[in-house]
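Okay, structure first, notes after.
Each residue takes its place number in the sequence, starting with 1.
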Amino acid sequence: MATLLSFLLLFSLSSCFCFCFIITTQGAFSESQSYIKLPITEKLITHLHFYYHDIRNDKNPTVVQIIDTPKNVPNGFGTTFVMDDAMTEGPELSSKEIGRAQGLFGLASLHDLGMAMLTNFVFSEGKYAGSTLSMLGRNPISEQNREMPIVGGTGVFRFATGYAVANSVTSISTQEHFVVEYNITIYH
């Protein structure tokens, strides 16, 4: 009987200690939590439309090749670029700039012209100023209506998911100035 009472007393003390430890630990954790307020409204669906401009010239390039591959590799496989492209409301570079498309892309297919892209759309104008969207995916550049996933965002677009459809604007593009139209649908 004394053994049972000792066990129960020890069990009660250890349970109380664990409970107090959990309460203390949770209290300490909550004091160091982020002060970012999460949206409490229902999620929105937002459609965005803009153009971005790859400038590949010697004066003011917005795309720079950072890795080259041997000449015997098909489709330039492995060639990698970094970009900081203007995003505009219209297809002309003189159109109002709404942000920058910044990121990396590389030729990632031995069989066709498929790129792996990591792009952050950084908005600097209007109600989305200060917000970003992140796109990560395969871009089969020789096709029209190329669909890529939107995998996140910041600011107004926190917790964003969705997709982007890219189309090359070949009617006004040149070797030195390549224009891409983006239609993006996001859930945030």
Side-chain angles (χ1 to χ4, degrees), residues 32-57 59-67 78-109 113-170 172-173 176-188:
S32 64
Q33 285 181 346
S34 172
Y35 293 100
I36 296 174
K37 291 190 176 192
L38 298 177
I40 55 174
T41 60
E42 292 185 26
K43 288 199 168 210
L44 303 171
I45 293 179
T46 299
H47 303 283
L48 302 169
H49 178 255
F50 57 86
Y51 297 82
Y52 86 48
H53 303 265
D54 276 341
I55 308 293
R56 298 179 188 184
N57 61 28
K59 294 179 186 175
N60 298 308
T62 63
V63 175
V64 176
Q65 183 174 335
I66 57 174
I67 298 174
T79 305
T80 306
F81 301 84
V82 64
M83 69 177 178
D84 184 1
D85 292 340
M87 294 170 16
T88 59
E89 286 182 345
E92 301 82 20
L93 187 56
S94 60
S95 181
K96 181 180 180 183
E97 186 172 311
I98 60 165
R100 306 294 293 186
Q102 300 169 333
L104 295 166
F105 60 93
L107 296 169
S109 177
L113 289 176
M115 293 190 311
M117 290 191 75
L118 167 60
T119 306
N120 292 304
F121 298 112
V122 182
F123 295 92
S124 59
E125 290 292 324
K127 63 182 177 180
Y128 306 127
S131 299
T132 67
L133 286 173
S134 294
M135 180 178 74
L136 174 65
R138 183 177 193 277
N139 183 352
I141 57 175
S142 59
E143 298 176 14
Q144 284 294 86
N145 297 311
R146 305 180 301 272
E147 186 174 319
M148 290 162 280
I150 298 295
V151 297
T154 64
V156 173
F157 301 127
R158 193 174 296 139
F159 296 115
T161 57
Y163 65 96
V165 177
N167 287 294
S168 302
V169 185
T170 55
I172 60 172
S173 292
E176 290 188 349
H177 180 189
F178 194 72
V179 183
V180 181
E181 176 184 29
Y182 272 88
N183 285 288
I184 297 178
T185 302
I186 50 172
Y187 186 58
H188 62 105

TODO: With sequence neighbours left out, write down each residue that passes side chain to side chain contact (heavy atoms under 4.5 Å, CB included) with Ser109, or none if nothing qualifies.
DONE: His111, Asp112, Arg138
Open item on the list: Could you walk me through whether Thr46 and Val156 satisfy the side chain to side chain contact (heavy atoms under 4.5 Å, CB included) test, starting with their C-alpha distance in whole Å, then the side-chain angles of each, then the deciding distance to 0.1 Å, before giving a yes or no?
Closed with: CA-CA 11 Å; Thr46 299; Val156 173; over 6 Å; no
TODO: Could you tell me which non-hydrogen atom of Lys43 sits nearest to which non-hydrogen atom of Tyr187, and how far apart they are?
DONE: CD-CE2, 3.4 Å
Open item on the list: Going by side chain to side chain donor-acceptor pair (under 3.5 Å), name the residues that satisfy it together with Ser124, two or more places apart in sequence or in a different chain.
Closed with: none
Open item on the list: Could you check whether any side-chain N or O of Thr154 sits under 3.5 Å from a backbone N or O of Thr132, counting only pairs where one atom can act as donor and the other as acceptor?
Closed with: yes
Task: Heavy-atom closest pair, residues Leu133 and Ile184 - done: CD1-CG2, 4.2 Å
- [ ] Starting at CG of Leu107, measure out to OG1 of Thr80 and round the result to the nearest 0.5 Å.
- [x] 7.5 Å
Open item on the list: Looking at every non-hydrogen atom in both residues, tell me the closest pair between Ser95 and Gly90 and how far apart they are.
Closed with: OG-N, 2.7 Å
- [ ] Would you mind listing every ring-ring contact (aromatic ring centres under 6.0 Å, His included) that reaches into residues 131-158, with sequence neighbours excluded?
- [x] Phe123-Phe157, Tyr128-Phe157, Phe157-His188
Hey, can you pull the donor-acceptor pairs under 3.5 Å for the side chains in residues 59-67, sequence neighbours left out?
from, atom 1, to, atom 2, distance (Å)
Thr62, OG1, His53, O, 3.3
Thr62, OG1, Ile55, N, 2.8
Thr62, OG1, Asp85, OD1, 2.7
Gln65, NE2, Ile67, O, 3.3
Gln65, NE2, Asp68, OD1, 3.3

- [ ] For Asn167 and Asn145, indicate whether the former's side chain and the latter's backbone hold a donor-acceptor pair under 3.5 Å.
- [x] yes
Task: Rounded distance (nearest 0.5 Å) linking atom CD1 of Ile172 with atom OH of Tyr51 - done: 7.5 Å
Open item on the list: Test of understanding: with salt bridge (Lys or Arg N to Asp or Glu O under 4.0 Å), list the residues that count as partners of Arg100, not counting sequence neighbours.
Closed with: Asp84, Glu97
Task: Pair listing, ring-ring contact (aromatic ring centres under 6.0 Å, His included) test, anchored in residues 82-102, at least two apart - done: none
Open item on the list: Rounded to the nearest 0.5 Å, what separates atom OG1 in Thr88 from atom CG in Leu93?
Closed with: 7.0 Å
Open item on the list: Is it the case that the side chain of Gln144 and the backbone of Ser168 share a donor-acceptor pair, with hydrogens and angles ignored and the cut-off at 3.5 Å?
Closed with: yes
Task: Contacts of Ser173 that satisfy side chain to side chain donor-acceptor pair (under 3.5 Å) - sequence neighbours left out - done: none
Task: Residue pairs, two or more places apart or on separate chains, that pass salt bridge (Lys or Arg N to Asp or Glu O under 4.0 Å) and touch residues 179-188 - done: none
Task: Pairing residues for Asn139 by the side chain to side chain donor-acceptor pair (under 3.5 Å) criterion, not counting sequence neighbours - done: Arg146
TODO: Only counting residues at least two apart or in another chain, list the ones meeting side chain to side chain donor-acceptor pair (under 3.5 Å) with Ser134.
DONE: Asn120
- [ ] Check ring-ring contact (aromatic ring centres under 6.0 Å, His included) between Phe121 and all other residues, then give those that pass, not counting sequence neighbours.
- [x] Phe50, Tyr182
Task: Side chain proximity check, Met117 to Met83, heavy atoms < 4.5 angstrom - done: yes
